[in-house]
Amino acid sequence: MTPLDWTVLFVTTAFIVVWGIFRYRGAHTMEGYLRGGNSLRWPTIGLSVMATQASAVTFLSVPGQGYEDGMRFVQFYFGLPLAMVVVAGVFVPIYYRMRVYTAYEYLERRFDLKTRLLGASLFLVSRGLAAGITIYAPAILLSSILGWPLYWTNIGIGAAVVLYTVAGGSKAVSQTQKQQMVVVLAGLVATGFVACGKLPDDVGVGDAFSLAGALGRVNAVDASFALSDRYNLWSGLTGGFFLALAYFGTDQSQVGRYINGRSVTESRLGLLFNGMFKIPMQAGILFLGVMVFVFHIFVAPPVFWNQPTLEAARASADGPKIALIEARWDEAVAARADAARAFVDARDAQDAAAEAAARDRLATAQGIMDATREEAKAAIVAAVPKAETKDSDYIFLSFALQNLPAGLLGLLVAVILSAAMSSIASELSALGSTTTVDYYRRVIRPDAPDSRTLLASKLFTVGWGVIAVAFATFASLLDNLIQAVNILGSLFYGTVLGIFLVAFFFKRVGGTAVFWAAVAGEALVVACFAFTDIGYLWFNVIGCGAVIVAALMLQTVLPSAPVRAPDTAA
């Protein structure tokens, strides 16, 4: 990076961290530390909610997803706007009326302590693991650019976020996220202009879009139905709806963002703002990956994006075999570029026959490239037995390092760090507050004074930061990072959502029935993950439905118990 890049990166990152520490430090009560004094307006809530979900994983992994698989990942978010309406209409008023610190407090008032602790435990496990992935994603970037050991980079990022999260509490998290999202959006727009500007002079954005479509990358809506397909219209509208409903309605990292609003109306507006802008933002990030794909039609991409691993394979005894594969790769890349030129010329000349012929050549060349790339991955594993062949998270990083001008590369690094810090801060704050409120203050030390509980919350936040950094060490073993985060969530969210929906809408069901129903539902989801090829978005539907059905069935054979309806809880 140039001195200008370093200046942009340092000034942006330092301002956010220092602002978070000194502007919002000094909360001396649990109310002020965990709820921020209920002072947030809807723009801050909306940006904070978006920033919590849009981690560094989003900006490293989603463009790679767009490059390899096109736009269809955007269908993952199709159920989100509907979920925002339900959360705003049902969840928010109940949480405000009950003045809860965490969502799981409600479960004890509605059911019993064991159900509350089960819900909190499922959150702690899923979010604690996901926090490690959230740290690992920006660590890839910094370690690649700076040559730092990945282990120490993980520790440095985790320590920086823990510092201002512990110092300022919930309000510091939400307020710094507002600034972080401004940096993120500015960086994305600037990078998008550069990606489009890097196309050949005779290839416009329209031509690029047509080329991407000819190679199956403009596939934002797929109406076919298959349970094994992770991304189609139906999985997005159903599984995506249930996932978003569970995430925004029951995950404390999100609940903690909007229960700090000035009023129910402010929180509702913030959530609806997120529902309106999330899909366009994700579509834009995916389209950025598609433009990088088109750019590499004319500028030869490597056969494998993780360059250190590729170099290790070249230097091994299997180096000659790797060289032969790369030679065939170069031939296929050249053939695809020639077909792309012919396609653009035919399109400009409005020659339908020539355009169709060029499209066939494009598809053939791309097929050869895909097969050659798989052969290269197999050869790399043979040459470097412990090599990880999932390299899509390196695609956008490689493009940025090689093509972004001075200053903008620093801004992009700041974007990824800002997104990472905002998401990690929300996760650690939520993990610390849930451990404090649902375990320490409720079970371990219910008689602890406010000052000791406040100290415990800070110590738990630090502890979860250590656990997240430890798990980040193993994140390199995972598949595409954005999928890993969503798979982790889908293993647990459906079960938790089922508990809450039973609480809201089935007043005759008691705590024992819903507790064992949740245990059975979670076991079913884990079995589906381990023994079937069902797309992970459907786990949210399966888990939620299993809990509701099992709870209703169990309640018919269990002794009836008095149950407090959610609308009368106070």
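Index from 1, following the sequence.
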I'd like to know whether CH2 of Trp234 has more than 12 heavy-atom contacts from other residues, nucleotides or ligands below 6.0 angstrom. no
Assess whether atom CZ of Phe298 is packed by more than 12 heavy atoms of other residues, nucleotides or ligands within 6.0 Å. yes
Is the NZ or CZ atom of Arg314 positioned over Phe304's six-membered ring, under 6.0 angstrom from the centre and within 45° of the axis? no
Any side-chain to backbone donor/acceptor pair from [X] onto [Y]? Under 3.5 Å, distance only.
X: Arg217; Y: Leu215; result: yes
X: Trp329; Y: Pro301; result: yes
X: Gln254; Y: Val49; result: yes
X: Asp207; Y: Gly204; result: yes

Are any of the side-chain nitrogens in Arg341 or Asp202 under 4.0 Å away from the carboxylate oxygens of its partner? yes
Measure the CD1-CZ distance between Ile542 and Phe529 for me, rounded to the nearest 0.5 Å. 13.0 Å
Testing the basics here: between Leu199 and Ala208, what is the closest heavy-atom pair and its distance to 0.1 Å? CD1-CB, 3.7 Å
Which atoms form the tightest heavy-atom contact between Phe492 and Ser126, and what is the distance? CD1-CB, 3.3 Å
Within the 3.5 Å criterion, strictly below it, is a donor on Asp5 or Thr2 matched to an acceptor on the partner's side chain? yes
Which residues share a side chain to side chain donor-acceptor pair (under 3.5 Å) with Asp251, sequence neighbours left out: Arg127, Ser253, Tyr493
Go through the structure and list residues passing side chain to side chain donor-acceptor pair (under 3.5 Å) with Thr309, not counting sequence neighbours. Asn306
Report the relative orientation of the aromatic rings in Phe399 and Phe396; use parallel for angles under 30°, tilted for 30 to 60°, perpendicular for over 60°. parallel
Indicate, with yes or no, if the rings of Phe76 and Phe73 have centres closer together than 6.0 Å. yes
